[in-house]
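These notes concern the structure reproduced below.
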Amino acid sequence: MLSGHLEANIYEKVVELARRRGFFWTAYEIYGGVGGFYALGDLGVKLRDRIVELWKQLFVKGHGFLLVDTPSIGPHSVFKASGHVDNFKDPMAECGVCGRKYRADHLLRDSGIRVSEGASTEEMEGLLNGNGVRCPECGSSRWRVRMFPTMFETRIGPYSESTGFLRPETAQGMFVEFRRIYETARERMPLGVAQIGRGFRNEISPRQTMVRLREFNMMELEVFTNPEEGCRYLAGLENEELALVTEDMAKRGEHAPLTIGVHDALSQGLIKNEWLAYFMVLSKRFLRLLGVHHDKQRFWGKPPEERAHYSQQTFDHEVLIPGLGWVEVAGLAYRTDYDLRAHSKASGKDLHVSMRTAEPKTEKMMRWRIKDMMELKEILGDKLKEFMELFEEHKDDERFPELIGSRLGIDVDELPLEAEEKVETVHVKRFYPHVIEPSYGLERLMLATLSWAYGIREGNRIVLSLPPYVAPIQVAVFPLITRDGLPEKAKEVVRKLSERFDVLYDEGGSIGRRYARVDEIGVPYAVTVDHRTLEDNTVTLRSRDDWSQIRVELGELEDELEELLSLPNLETTR
RNA sequence: GCGGCGGUCGUCUAGCCCGGUCUAGGACGCUGGCCUCCCAAGCCAGUGGUCGCGGGUUCGAAUCCCGCCCGCCGCACCA
């Protein structure tokens, strides 16, 4: 009944509704607006908070995971260590004459010059100047190429050398504070740490109100796991189906997803980590609970060149939004031990965890030993420092000689090295936890939720069929007419209900108009006080979705509403 | 960032090509009142726009010209 025929422009309709009724709108409107920033109104805040609550319920509370909150601004050192300073940037070519700026690699490609993926700024600058590439605006051909970080840069305190960055993801806070979080969690493993907060990315071109933002809210969960252990929550979900577009499929241009059971996806190696698979299932259910049907969801495997620098495998959870196409609402990444390892190295602080193994294990270990240091020094000369760095890191690796051969170009047989076998009894396993990260963009979730709730009834009546448990306003109360003491009685009901629900009271216009007004903002239930209420203390309870009405005793109203507004059983969301 | 198109009450829009008749018109919404025993009904009275911003041309600019901002579509980008 809720029609889908206006699918094509539903995005515009949703944005218009959001603005008109106060969910959200472009920020700084009175100054002409600034792209990439938006403001939330009352309904928007309430909707957002309900989505956050649902997320916490599913992702955090259900597993006994922890919540933290860390700063939005971090020092240079943190983002240097995390790899963002080096990777989170674009090459920009600046015209030496007019000062205009372009993407250097695009400029080259547009001029028909081949440029490799990892070309340095010097190489690109050389190519631009060497080939006489002209500035599209002023025609000159003197270029300077620099890297432009996509992070917002700022200063911390009055000292200009103390640069800081606005975090591009909340995740780093959880890695940086890992040591203390781990201790306060009494060294629990697996350990899930969640953070809801803002992230900032200085996007080249923000788009589409809530889709590409420069400042936005994220809900991120970092699950620190023992890489040798699977995910115990997966039990019972092995046959749950996921719609995958794998890296290989994407490469072949196959965009129709493969529907495959979790167990099969894991055993065929399509998903490389059990925890990742588990969160994909959870993610699918989460979006279903927000009103996005399963056939409007898919998981898109990111090829290496599109993945973040820290990721071994990433699936974007995409949902179809009518009028927009497939939109990424979450990134589910297997970050391995990249971040903890990087911060450990950069800070010099030990971020390993150690766990007592079930049984003491006798392990045969092999390691390389230097027989004669003086001789080594003589042979290597000034390569010694580099050798020792590699040696410290890889002395346990059987293939160390090959590594040295390829890195230093030295014939290993000439070095005074010997392989030493050792038998050790180990009670404790020390490792960097491997991290699985489901990360959600809150604004996109809101947009997806609103889009799939949006419908038109009887030609022109907008009905926002939000799932009751995320509706910003949960119940509306109306006096049927504005005399005979009905408004007074209705206000009593409002006072009572306000203790437990977000309530809206309205006595303006006809009853039909009032129902229409609340349908439009997704209020799932309306209570109407009429003359009979004065006689027998019953009211009508009207449902937004089918317009049905039932008569409810005022004494039972709150419990009845509580029931209607509760979360459905998770199993029913498959 | 590039190319194309666009920006007029809260919303949708008329007017722009062919400057003056526009102190910018309408519909819906919103506010107050009347009426009303259940789905945007009716009546009365209100409310509301320096026409995205800035500059120029002109006696006169929503209308013509330039710059900027914002939006949409395509390309690119997208941790």
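- Using a cutoff of 4.0 Å between basic side-chain nitrogens and carboxylate oxygens, A/Lys302 and A/Glu247 are not scored as salt-bridged.
- Going from the C1' atom of B/G15 to that of B/C22 covers 8 Å, rounded to whole Å.
- Distance, A/Asp519 CG to B/C38 P: 17 Å, rounded to whole Å.
- The interatomic distance linking A/Glu520 (CD) with B/C12 (P) rounds to 13 Å, in whole Å.
- Aromatic ring orientation, A/Phe59 versus A/Trp55: parallel (interplanar angle below 30°, classes split at 30° and 60°).
- With both ends at atom C1', the span from B/G7 to B/C12 equals 14 Å, rounded to whole Å.
- Shown here, B/C17 forms no base pair; nothing in the strands shown gives a Watson-Crick or G-U wobble contact with both key distances under 3.5 Å.
- When both distances must be under 3.5 Å, the Watson-Crick or G-U wobble mate of B/C53 is B/G67.
- Rounded to whole Å, the separation between the P atoms of B/G49 and B/C9 comes to 10 Å.
- The separation between A/Phe315 atom CZ and B/C78 atom P is 20 Å, rounded to whole Å.
- Of the C1' atoms belonging to B/C59 and B/G19, the separation is 12 Å, rounded to the nearest Å.
- A close approach under 4.0 Å does occur between a side-chain nitrogen or oxygen of A/Arg513 and OP1 or OP2 of B/A41.
- When rounded to the nearest whole Å, the span between CZ of A/Arg514 and P of B/U31 equals 12 Å.
- Nucleotide B/A62 forms a pair with no other nucleotide shown, judged by Watson-Crick or G-U wobble geometry with both contacts under 3.5 Å.
- The side chain of A/Arg517 places an N or O atom within less than 4.0 Å of a non-bridging phosphate oxygen (OP1 or OP2) of B/C30.
- With a cut-off of 3.5 Å on both Watson-Crick or G-U wobble distances, the partner of B/G29 is given as B/U47.
- Atom pair A/Ile462:CD1 and B/C12:P shows a separation of 11 Å (rounding to whole Å applied).
- For A/Asp530 against B/C38, a side-chain N or O and a base N or O form a donor-acceptor pair under 3.5 Å.
- Straight-line distance from the CZ atom of A/Phe478 to the C1' atom of B/A40: 12 Å, rounded to whole Å.
- As rounded to whole Å, 12 Å separates atom P of B/C38 from atom CZ of A/Arg551.
- Each of A/Arg457, A/Arg513, A/Arg461 was checked for a salt bridge (Lys or Arg N to Asp or Glu O under 4.0 Å) with A/Asp519, and the lone residue meeting it is A/Arg461.
- Between A/Phe165 and A/His76, the angle of the ring planes lies from 30° to 60°, which puts this pair in the tilted group.
- Between B/G20 and B/U31, the two C1' atoms lie 36 Å apart (nearest whole Å).
- Atoms CD (A/Glu507) and C1' (B/G32) sit 12 Å apart, rounded to a whole Å.
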Practice item. Applying salt bridge (charged side-chain N to carboxylate O under 4.0 Å, His left out), run through A/Glu16 and A/Arg20 and close with a yes or a no. Key: CA-CA 6 Å; A/Glu16 191 268 311; A/Arg20 191 161 45 77; 2.7 Å; yes
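- Comparing B/G67 with B/A27, their P atoms sit 39 Å apart, to the nearest whole Å.
- Annotation: of the two residues near RNA chain B, A/Arg201 and A/Val539, the 5′-most nearest-nucleotide partner is A/Val539.
- Using cut-offs of 30° and 60° for the angle between ring planes, the A/Phe279 and A/Phe65 rings count as tilted.
- Using a 4.0 Å heavy-atom distance criterion, A/Arg542 is classed as a base contact.
- The six-membered or imidazole ring of A/Phe478 lies away from that of A/Tyr505, with a centre-to-centre distance of 6.0 Å or more.
- Comparing the same atom, P, in B/G25 and in B/A62 gives a spacing of 14 Å after rounding to whole Å.
- Using the six-membered ring where Trp is involved, A/Phe175 and A/Phe224 have ring planes that are perpendicular, over 60° apart on the 30 and 60° scheme.
- The base of B/C77 sits with one of its N or O atoms less than 3.5 Å from a complementary donor or acceptor on the side chain of A/Arg212.
- When all heavy atoms of A/Leu466 and A/Arg544 are compared, the pair lying nearest together is O-NH2, 2.6 Å.
- Within the 4.0 angstrom heavy-atom criterion, base atoms lie near A/Thr540.
- The side chain of A/Thr482 sits closest to B/C35 out of B/C72, B/C35, B/C38.
- Look at B/A41: it lacks any Watson-Crick or wobble partner with both distances under 3.5 angstrom.
- Taken residue by residue, residues 16-26 of chain A places heavy atoms nearer than 4.0 Å to RNA chain B at A/Glu16, A/Arg19, A/Arg20.
- Rounded to the nearest Å, the gap between the C1' atom of B/G46 and that of B/C51 is 24 Å.
- Look at A/Ser510 and you won't find any side-chain N or O under 4.0 angstrom from OP1 or OP2 of B/U36.
- Nucleotide B/C2 is matched to B/G74 when pairs are restricted to Watson-Crick or G-U wobble geometry with both distances under 3.5 angstrom.
- Using cut-offs of 30° and 60° for the angle between ring planes, the A/His434 and A/Tyr334 rings count as tilted.
- Each of A/Gly331 and A/Ile481 was matched to the nucleotide of RNA chain B holding its nearest heavy atom; the match closer to the 5' end belongs to A/Ile481.
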